[in-house]
Asker: 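My structure is below; once you've seen it, I'll send some questions.
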Amino acid sequence: MSADHPNESQLLGPFTVRVEVEAAEAFGRATGGRAGHIPFTFPVRWLTHPEIRAAAAQMIGEAEWIPIHESQSFDVRRRLEAAVDYRMRIEMWRETKPPRLNLRAEIVTDADELCVAMEMILRIVSCERSAAP
Amino acid sequence: MNGERSGEPPRAGEKIPPRTVRFELADLRRYAEASGDDNPVHFDAAVARRAGLEAPPVHGMLLMSAFEPALDAWRADLALRRLAAKFLRPVFAGETIEISGRVVETGEEPYALLRLLAHNSRREIAVIAEATLGKR
């Protein structure tokens, strides 16, 4: 994972992630997926890891902000299996004009084989600014 | 699943059967719990207004996730390999969304690249996406 963008990025992880069957089923029920199948978009759940959230808040550096999802991608090179540990590495960087937070995640096996690459772009709405007259 | 087409290579120009979906506030809460995405903009009208929205919007990921069942219903013999989406306009709880798509490119394996759309109830494109499918 290497930066190819002008803004300073932060690397996070690796985090150990795992598809728990119950969590995948709950995600599938919530998104209309079929039973007994790991939903394609399930890995997005791992981006809510507290350490990632804390790093995002620090990078944004504002007291009150609202993230609005602008775009998302999933590139699956190898299907994830339930009850197997994977490692997830994150690269995160900020844009200011317009204000955005970018996350790029790679989920790899213990042997460092790439399984899933995800990219997320969040538009950051500052509540302090938006509350001003 | 469209059994007649199963096993045959997808054809450029082929359309997936359109389908409608609708997410109520309870669905948003269920998705938040299942995904861990508890952003209050999806539940709190005041927070949504502060973000410039007229009402709490459906999670973009909930809309994006609705493409997979639509693709499965079209060709269960093909599996998603890549899915990329841009969230262009909000969809609000209780709105009916129409999902549609068309094959724009095919290749060996079989392989298909599809352009997918989700229209909101105002007939605006809310989500535009690209999906790559291959043999399951």
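These values consider heavy atoms only, across backbone and side chains, with no hydrogens, waters or symmetry-generated copies.
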Asker: Heavy atom to heavy atom, less than 4.5 Å: which residues from residues 85-94 of chain B reach chain A?
Answerer: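 Answer by number: A85(B), K86(B), F87(B).
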
Asker: Checking heavy atoms, do the side chain of L63(B), its backbone, both or neither come under 4.5 Å from chain A?
Answerer: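 Nothing of L63(B), per the 4.5 Å heavy-atom cut-off to chain A.
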
Asker: How many angstroms lie between atom CD1 of I90(A) and atom CD1 of I107(A), to the nearest 0.5 angstrom?
Answerer: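 Here the interatomic distance stands at 7.5 Å.
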
Asker: Select one option (side chain, backbone, both, neither) describing which atoms of S73(A) are under 4.5 Å from chain B's heavy atoms.
Answerer: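 Backbone plus side chain of S73(A), per the 4.5 Å heavy-atom cut-off to chain B.
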
Asker: Hey, is the main chain of M61(B) close enough, under 3.5 Å, to the side chain of H59(B) for a donor-acceptor pair?
Answerer: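 Not at all, since once roles are kept as given, no pair shorter than 3.5 Å links the two residues.
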
Asker: Using a 4.5 angstrom heavy-atom cutoff, name the option from W65(A), F74(A), W46(A) with the most pairs to chain B.
Answerer: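 Of the candidates given, the most pairs with chain B belong to F74(A).
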
Asker: Can you tell me which portion of R53(A) sits under 4.5 Å from chain B's heavy atoms? Options are side chain, backbone, both or neither.
Answerer: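 Side chain only.
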
Asker: For chain A, find its close neighbours in residues 29-42 of chain B: heavy-atom separation under 4.5 Å, sorted by number, or none.
Answerer: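 When heavy atoms of chain A are the reference, residues 29-42 of chain B contributes R30(B), Y31(B), A34(B), S35(B), G36(B), D37(B), D38(B), N39(B), V41(B) within the under-4.5 Å range.
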
Asker: Where on V21(B) is there a heavy atom nearer than 4.5 Å to chain A: the side chain, the backbone, both, or neither?
Answerer: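 Neither part.
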
Asker: With sequence neighbours left out, write down each residue that passes ring pair (Phe, Tyr, Trp, His ring centres under 6.0 Å) with Y111(B), or none if nothing qualifies.
Answerer: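 Per chain and number, Y111(B) pairs via ring pair (Phe, Tyr, Trp, His ring centres under 6.0 Å) with no residue.
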
Asker: I'd like to know if the side chain of R102(B) and the backbone of L116(B) have a donor-acceptor N/O pair within less than 3.5 Å.
Answerer: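 No: the side chain of R102(B) does not pair with the backbone of L116(B).
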
Asker: Looking at side-chain heavy atoms only, is the closest gap between R100(A) and R94(A) below 4.5 Å?
Answerer: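 SC-SC contact between R100(A) and R94(A) ruled out.
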
Asker: With no hydrogens and no angle check, is any side-chain donor or acceptor of R29(A) less than 3.5 Å from a backbone partner on A35(A)?
Answerer: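 Judged by distance alone, no pair lies under 3.5 Å.
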
Asker: Regarding S126(A) and E62(A), is there a side-chain donor-to-acceptor distance under 3.5 Å anywhere?
Answerer: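 Short answer, yes.
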
Asker: Pick whichever of P69(B), A129(B), G134(B) has the most heavy-atom pairs under 4.5 Å with chain A.
Answerer: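 Heavy-atom pairs under 4.5 Å are most numerous for P69(B).
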
Asker: Not counting sequence neighbours, which residues clear side-chain contact (heavy atoms from CB on, under 4.5 Å) with E68(B)? List them please.
Answerer: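 Scan of E68(B) (side-chain contact (heavy atoms from CB on, under 4.5 Å), adjacent residues dropped) gives H37(A), P39(A), F40(A), R79(A), D72(B), L80(B).
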
Asker: Can you find a pair of side-chain heavy atoms, one from L28(B) and one from L62(B), that are under 4.5 Å apart?
Answerer: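 In contact.
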
Asker: Taking R136(B) for the side chain and L78(B) for the main chain, is one N or O donor matched with an acceptor at less than 3.5 Å?
Answerer: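 Checked: pair present.
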
Asker: In a check of side chain to side chain donor-acceptor pair (under 3.5 Å) between N102(A) and each of E95(A), E119(A), E91(A), E70(A), which one passes?
Answerer: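 Among E95(A), E119(A), E91(A), E70(A), the one that satisfies the side chain to side chain donor-acceptor pair (under 3.5 Å) with N102(A) is E95(A).
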
Asker: When rounded to the nearest 0.5 angstrom, what distance separates OG1 in T20(B) from CD in E95(B)?
Answerer: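 So the gap between those two atoms works out to 13.0 Å.
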
